[in-house]
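Notes follow the structure.
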Amino acid sequence: MSCQVGDIIVVKNYVSQGVNLGRHSFVVIDTTGGQIQGLDYDIVCNVMSSFHSEEHRQHKLGYPGNLEYSSSDELIKNGHGKDGYIKADQFYFFNLSGLDYYVIGSITPALSAALQKFIANLKSVQLITDNL
């Protein structure tokens, strides 16, 4: 299976800063592959999450690296219809071989462009290589 920039994938198990985590959605932001810290990777992704309440929304948008998206703007194809955010300041590096994932949808070109612009204006990003 392969994926493209803008695809929304669900990774069944992954590691984030040394912690094993279960199923979660990511948006693919790069598929050119390469090496980081001497390790090969195939794709780079950002975590996507939904808001659970207005309080949760306010809390998560307090972080400068989180980009909000609205389900009413139809920015997600085949999504679950919930408003949410993308953790644009966290770059997850994955190898596709051995990665247990599936594609569930995609973001629109409009959201992809907004994400790219948002990332370009960030002061710093975390490079998460725990999954390599």
Side-chain angles (χ1 to χ4, degrees):
M1 182 185 311
S2 65
C3 49
Q4 301 176 358
V5 171
D7 280 352
I8 299 170
I9 64 172
V10 173
V11 175
K12 293 188 180 176
N13 295 293
Y14 69 103
V15 179
S16 179
Q17 301 166 344
V19 178
N20 291 320
L21 299 168
R23 192 173 70 96
H24 207 87
S25 300
F26 292 82
V27 61
V28 178
I29 61 170
D30 183 27
T31 60
T32 57
Q35 282 195 338
I36 184 168
Q37 300 170 353
L39 302 169
D40 294 328
Y41 69 90
D42 296 316
I43 61 173
V44 182
C45 301
N46 296 129
V47 169
M48 298 182 75
S49 292
S50 299
F51 297 124
H52 307 294
S53 66
E54 183 57 30
E55 293 78 22
H56 184 244
R57 179 183 172 277
Q58 292 300 323
H59 174 72
K60 290 301 182 179
L61 293 181
Y63 293 98
N66 289 345
L67 173 66
E68 180 178 19
Y69 62 84
S70 171
S71 62
S72 64
D73 293 335
E74 298 182 6
L75 297 172
I76 308 291
K77 296 177 184 175
N78 299 324
H80 49 55
K82 296 181 181 179
D83 294 346
Y85 62 100
I86 299 170
K87 292 184 178 184
D89 62 348
Q90 296 179 355
F91 290 18
Y92 283 82
F93 293 79
F94 292 107
N95 283 318
L96 292 176
S97 64
L99 184 65
D100 194 359
Y101 78 99
Y102 54 95
V103 178
I104 61 167
S106 62
I107 62 174
T108 63
L111 182 53
S112 183
L115 177 59
Q116 290 173 11
K117 184 177 180 180
F118 190 84
I119 289 170
N121 289 315
L122 289 171
K123 290 184 173 44
S124 67
V125 296
Q126 289 180 295
L127 306 178
I128 301 170
T129 59
D130 295 341
N131 300 283
L132 298 178

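Heavy atoms only: backbone and side chains are in, while hydrogens, waters and symmetry mates are out.
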| Contact check, side chains of F91 and I119, non-hydrogen atoms, under 4.5 Å | yes
| query | Given F94, which of L99, D130, V44 fulfils the side-chain contact (heavy atoms from CB on, under 4.5 Å) condition? | reply | L99
| Take atom CD in Q4; do more than 12 heavy atoms of anything else shown fall under 6.0 Å from it? | no
| field | Residue of the set V27, N46, N66 for which side-chain contact (heavy atoms from CB on, under 4.5 Å) holds with K87 | value | N66
| Are L132 and L127 linked, directly or through other ILVMFWY residues, by side chains that come within less than 4.5 angstrom of each other? | yes
| Quick one: does L96's side chain get under 4.5 Å of C3's, heavy atoms only? | yes
| Closest contact, heavy atoms only, S49 versus H24 | OG-NE2, 3.2 Å
| Do you know which two heavy atoms are closest between F51 and G84, and how far apart they sit? | CE1-O, 3.3 Å
| note | Closest heavy-atom pair, I104 versus S25, reported as atoms and distance to 0.1 Å, is CD1-OG, 4.2 Å
| Shortest non-hydrogen contact between P64 and L122, atoms and distance | O-CD2, 3.9 Å
| Just how far is it from atom CD1 of I128 to atom CD of Q17, taken to the nearest 0.5 Å? | 5.0 Å
| Quick one: CG on N95 to CG on N131, what's the gap to the nearest 0.5 Å? | 9.0 Å
| note | Y92 and S16 have their tightest heavy-atom pair at OH-OG, 2.7 Å
Indicate every side-chain donor-acceptor pair of residues 32-41 with a distance under 3.5 Å to a residue at least two apart or in another chain.
{"residue": "T32", "atom": "OG1", "partner": "D30", "partner atom": "OD1", "Å": "2.9"}
{"residue": "T32", "atom": "OG1", "partner": "D30", "partner atom": "OD2", "Å": "3.2"}
{"residue": "Q35", "atom": "NE2", "partner": "D40", "partner atom": "OD1", "Å": "2.9"}
{"residue": "Q37", "atom": "OE1", "partner": "T129", "partner atom": "OG1", "Å": "3.2"}

| Atom pair NE2 (H59) and NE2 (H56), whose distance is rounded to the nearest 0.5 Å | 7.0 Å
| Is V125 reachable from I86 through a run of I, L, V, M, F, W or Y residues, each pair having side-chain heavy atoms under 4.5 Å apart? | yes
| N20 and N13, any side-chain heavy atoms less than 4.5 Å apart | no
| Just wondering, do I9 and I43 contact through their side chains at under 4.5 Å, heavy atoms? | yes
| said: So, taking the atom named CG in L115 and the one named CD1 in I29, what distance separates them when rounded to the nearest 0.5 Å? | reply: 6.5 Å
| said: Is it the case that the ring center of Y14 lies less than 6.0 angstrom away from the ring center of F26? | reply: yes
| Cluster overlap V10 with I107, hydrophobic side-chain contacts below 4.5 Å | yes
| request: Compare every heavy atom of R23 with every heavy atom of Y102, then report the nearest pair and how far apart it is. | output: OH-NH1, 3.6 Å
| task | Determine whether I8 and M48 make a side-chain contact, defined as any pair of heavy atoms from C-beta on separated by less than 4.5 Å. | result | yes
